[in-house]
Amino acid sequence: MKTVEEIKAAIETAVPGASIEIVPNASPSGQLSLLLAPNHAVAVAEFLRDDAELALDFLSNATGIDWPDKEITEKVKVMRQVLKTVDGAEKMVEETVDETRKHVQPGYLEVVYHLFSIEKKHGPVVIRMRTTNRTDQVQLPSLTPVWRSAEFQEREIFDLFGIVFTGHPDLRRLLMWDGFKDHPMRRDYVEPDDFEYEPTAHDEVLARSKAHQAAGQEGAGVGL
Amino acid sequence: MLGEGILKGLAETAKNFAGSFVSAERLTTVEYPEQRIAPIEATRVFPFLVYDGPEWEAGLRCVACQICEKECPPKCIYIEKSKDKKPDAVGKQQFYPAKFDIDVSVCMSCQICVEVCPFEAIKMDTEFELSTDDRFGGLLHDRKQLAKSNEYYHHIHPTEAAEVDARLAEEKAKAEAKAKAAAAAPKPAVPAAKPAAKPVEGEA
Amino acid sequence: MTDSLVNASAVDKKLKGWNRPPIIEPDGEAELLEVAMGPHHPSTHGVFRMDVALDGERVVRLKPVFGYLHRNHEKIAEGNSYLASMPYTDRLDYICSLTNNWAYALAVEKLVGQAVPERAEYLRVILGELTRVQNHASAIGFLIQEMGASGTPLMYAFREREKILDLFESLTGSRMMCNYMRFGGCRVDASPAWLDAARKVVAGLPGFVDEFEALLRSNEILMARTQGVGILRPDLAINAGVTGPMLRASGVNYDIRKVDRYGIYDRFEFRVPLGDHGDVFDRFMIRLLEARESIKILEQALKEIPDGPVMDGKAKIRGFRPKAGEAYGRIEAPKGELGFYLISDGGPNPYRYRVRPPSLVNLTILEDMCLGQNVADVVLIFGSVDIVLGEVDR
Ligand code: SF4
Ligand code: SF4
């Protein structure tokens with residue numbers, strides 16, 4: 001099978017304007033992935049499916065990942081003027097000091113597709129797409145028109161992660177009920193306060209039970 | 001001929017029907033609870049705590065290290081560590097569980113607690129007739145209910161228990177040898193602990 | 001049944017939108033009858049609902065409704081250590097806990113580059129194929145049960161399954177929730193007595209499959225009910241990600257044991273049975289034939305199994321923290337491709353844990369297969385997919 005670099009080159013010649021980035025993977029599995037820009041994704045997907053050499057006719061796995069905003073703390077060394085007492089007199093001296101800088105890396109939602117070829121019996125080729133942010137710009141093109149097996153799996157991603165697939169023929173919640181709000185697989189999802197009874201409560205469960213009791217809810221109890 | 005396949009299938013059924021009268025192999029069901037099938041040695045149901053000797057409270061092997069509490073996937077173990085220490089199986093002063101509860105209505109019989117316990121203190125029971133009519137707490141087993149003797153362990157899992165005993169004896173021998181070496185050495189920093197029959201209170 | 005490979009490239013894949021189910025117009029003025037089959041329906045293998053629109057007896061629309069058994073297995077796994085998710089995988093497809101264990105262990109081993117000792121690989125193959133035999137036997141039993149043959153074939157299948165479950169119990173301690181495989185091997189070794197018992201059970205299996213086949217295969221009622229019912233085209237099957245016996249019944253030669261050769265499957269001689277028509281009858285026959293091939297593998301594995309350790313010396317049980325990275329591992333589970341996709345951020349818990357459930361993906365084409373069929377056949381077509389709701393809803 002072609003390497004990821006060769007696939008990248010093949011896509012870029014076949015789909016003009018498509019920009020593709022190779023996402024590294026440090027695990028010994030060595031499964032590198034291709035990050036597609038959403039605007040060309042469907043064209044690229046069609047190429048991957050129909051190309052005679054790749055023939056990735058089988059989309060096996062489609063799933064979402066949530067990458068919330070990440071606060072990155074860096075330690076940097078900076079030269080600074082510092083007031084110091086040298087030989088009894090106060091002086092300004094140049095000195096290197098440690099400074100912590102914080103910046104927020106914006107979060108995004110990601111979808112991952114694992115492609116295989118039934119005709120050529122090779123794979124996996126991993127493709128990914130990312131949304132702009134996690135709140136209002138969560139649209140990604142649906143690959144269901146290319147591979148039907150994405151139909152339920154994209155519905156599941158929509159349900160659990162809240163990614164909206166444009167072009168999906170039947171985008172409804174799959175596992176949660178229709179009136180349900182929020183997306184349970186997001187990292188910042190807050191479970192509803194439906195604590196009932198837990199005889200061996202400790203750690204998080206105990207904290208939850210206490211919060212529940214503090215809120216004056218019925219039916220909470222720790223049987224200890 | 002139409003119906004031939006059906007007749008063939010019926011012949012097969014007849015064979016099995018008649019066969020169940022002559023061969024025990026084909027008679028596969030028993031009338032539970034009057035009749036029971038022979039127990040399988042490796043069977044696991046819910047965990048119990050092993051104790052050595054005649055006294056359950058004094059003999060508990062568990063040292064309340066709380067590893068199992070942390071590793072249990074559905075978090076159904078609750079342990080409170082004791083404030084004081086008492087000697088364990090090899091005579092070392094150890095903490096013991098002041099409280100050790102397992103909610104068997106949550107436990108999924110996965111045996112992870114047994115695997116991670118470094119002290120061979122928790123093992124899987126084969127008792128499965130545990131139904132109660134109390135939804136809240138009826139299936140919360142405390143340490144008294146959980147404590148079962150080493151003899152019982154030998155009775156339900158003979159092979160496994162023999163292996164465990166051999167391993168523990170080896171460890172004990174090693175600990176004793178070490179204690180002896182420490183005692184023989186000039187001015188031992190810590191006096192070698194003597195195996196005490198009763199728990200020593202307030203030695204921590 | 002032929003071993004022919006469908007020429008997938010000959011299929012015209014260019015057609016846009018060809019992979020949607022056709023829209024069937026009801027006859028004339030006919031009023032549609034909407035029926036909710038399930039969630040409590042004897043044919044749904046658990047709690048599953050199909051919203052069916054009927055024109056007389058004919059199905060014109062069918063929408064599956066999922067989620068009645070949803071417990072967010074993936075979220076639970078993200079809050080648990082790698083090892084603690086192993087017993088939860090048992091509860092996915094609770095008929096085949098050992099293959100679930102295997103798939104998860106395989107994915108984690110890929111993630112960390114963990115080797116597995118030879119004896120453990122053999123034990124995995126033996127247990128995996130025993131699982132396949134008992135799954136296929138009970139799947140056929142359920143299918144026939146749904147056709148109206150209440151009891152007999154299912155009880156025969158269960159009688160045999162019982163023997164296999166006794167083997168599981170005497171090795172792993174549990175009949176269905178085995179929790180047996182570990183990253184880098186298996187939890188306990190099989191004693192010689194266990195292997196002898198397994199040999200005895202396996203020696204009895206061909207006789208059982210023969211009996212089962214004689215009982216059912218040429219039964220005229222079964223043929224009339226299943227042949228030509230619920231046909232699945234190979235091109236659609238591939239595009240819709242259908243895997244396992246379903247895919248092979250449509251004539252597509254794709255078995256992950258042959259393609260990936262994971263574990264030690266390249267050492268065994270076995271064939272991949274393929275169907276011609278892709279109807280319910282083919283799916284029934286494929287399962288019978290696959291059970292036969294599994295018995296062949298079992299005989300070879302039980303003969304060749306070497307001595308040695310069952311856990312790799314470098315494998316870790318406590319304090320297991322893979323390096324950051326990701327891996328997708330998959331196996332040929334009895335129901336299709338079971339995959340696990342794991343992302344590690346270097347912590348003790350997986351950052352992302354995803355199960356690729358064969359049962360859910362195989363249901364994608366349920367509507368396509370049922371359209372235009374009689375409502376009584378829906379039960380049968382659904383039964384021939386062979387799903388377990390624990391895996392569909394996770
Ligand atoms: S068997 Fe499993 S679920 Fe039960 S107490 Fe032990 S670790 Fe917890
Ligand atoms: S049972 Fe074992 S692991 Fe659990 S607290 Fe006691 S000694 Fe520690």
Side-chain angles (χ1 to χ4, degrees), chain A residues 23-33 46 49-50 52 55 57-67 110 112 114 116-124 126 144-153 155-156 159-160 169-170 172-177 180 184-187 189 191 204, chain C residues 5 7-9 11 13-14 16-17 19-20 63-67 70 72 74-75 78-79 107 110-114 235-236 238-243 247 252-254 258-260 322-330 337 339 341-344 351-352 354 356 360-361 363-365 368 393-394:
Chain A
V23 182
N25 178 6
S27 148
S29 70
Q31 292 166 351
L32 304 180
S33 40
E46 274 176 0
R49 185 191 66 189
D50 299 336
D57 46 11
F58 169 43
L59 184 149
S60 160
N61 177 41
T63 191
I65 309 164
D66 181 14
W67 301 99
E110 191 173 32
V112 184
H114 286 85
F116 290 86
S117 170
I118 285 184
E119 195 188 318
K120 299 265 194 243
K121 303 212 176 347
H122 61 217
V126 192
T144 306
V146 187
W147 293 285
R148 176 92 182 277
S149 58
E151 183 178 346
F152 285 175
Q153 304 194 59
R155 270 179 70 186
E156 186 185 320
D159 185 357
L160 302 181
D170 183 23
R172 291 175 292 140
R173 283 187 180 271
L174 184 84
L175 297 169
M176 308 305 282
W177 57 99
F180 187 78
M185 278 304 283
R186 293 232 185 151
R187 291 249 143 191
Y189 171 73
E191 280 175 54
E204 300 145 46
Chain C
L5 167 66
N7 188 359
S9 62
V11 179
K13 289 177 288 194
K14 270 287 169 201
K16 271 267 167 116
N19 63 6
R20 303 301 312 156
K63 295 283 171 215
V65 181
F66 307 95
H70 181 55
N72 219 338
E74 296 176 8
K75 186 101 180 169
E78 283 169 21
K110 266 202 177 151
L111 181 69
V112 295
Q114 171 75 52
D235 52 349
L236 179 61
I238 293 174
N239 192 270
V242 172
T243 42
L247 178 67
V252 183
N253 185 358
Y254 195 72
K258 287 274 191 204
V259 176
D260 280 11
K323 278 202 293 267
E326 61 170 63
Y328 179 72
R330 56 175 196 162
E337 172 185 332
Y341 175 57
L342 299 163
I343 300 182
S344 164
Y351 183 80
R352 180 82 180 92
R354 151 84 179 163
R356 189 264 185 209
L360 173 70
V361 182
L363 283 178
T364 311
I365 34 64
D368 303 66
D393 290 344
R394 282 158 298 138

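In what follows, chains are A, B, ... by sequence order, proteins preceding strands, each numbered from 1. Keep in mind that the numbers below use all heavy atoms, side chains included, and drop hydrogens, waters and symmetry copies.
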Pick from [options] with the largest number of heavy-atom pairs that fall under 4.5 Å of chain C:
{"options": "Arg172(A), Glu156(A), Arg173(A), Met176(A)", "value": "Glu156(A)"}
{"options": "Ile65(A), Asp159(A), Leu59(A)", "value": "Ile65(A)"}
{"options": "Gly64(A), Ala150(A), Pro124(A)", "value": "Gly64(A)"}

Between [X] and chain A, with a heavy-atom cut-off of 4.5 Å, which part of the residue counts as in contact: side chain, backbone, both or neither?
{"X": "Leu247(C)", "answer": "side chain"}
{"X": "Val112(C)", "answer": "backbone"}
{"X": "Asp393(C)", "answer": "both"}
{"X": "Ala327(C)", "answer": "both"}

Inset, instruction - Flag the pair His70(C) / Leu174(A) as yes when at least one side-chain heavy-atom distance between them is below 4.5 Å, and no otherwise. - result: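 Not touching, per the 4.5 Å side-chain cut-off.
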Inset, instruction - Using modelled atom types only, decide if a donor and an acceptor are shared between the side chain of Asn253(C) and the backbone of Ile118(A) within a distance under 3.5 Å. - result: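 Side chain of Asn253(C) to backbone of Ile118(A): no pair is present.
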Legend entry - Check: Phe152(A) ring centroid to Phe66(C) ring centroid under 6.0 Å: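 Yes, close enough.
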Inset, instruction - Name the orientation class of the two ring planes belonging to Tyr341(C) and His114(A) (parallel below 30°, tilted from 30 to 60°, perpendicular beyond 60°). - result: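 Rings of Tyr341(C) and His114(A): perpendicular, over 60°.
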Legend entry - Ionic contact status for Arg352(C) with Glu110(A), cut-off 4.0 Å: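 No salt bridge links Glu110(A) with Arg352(C).
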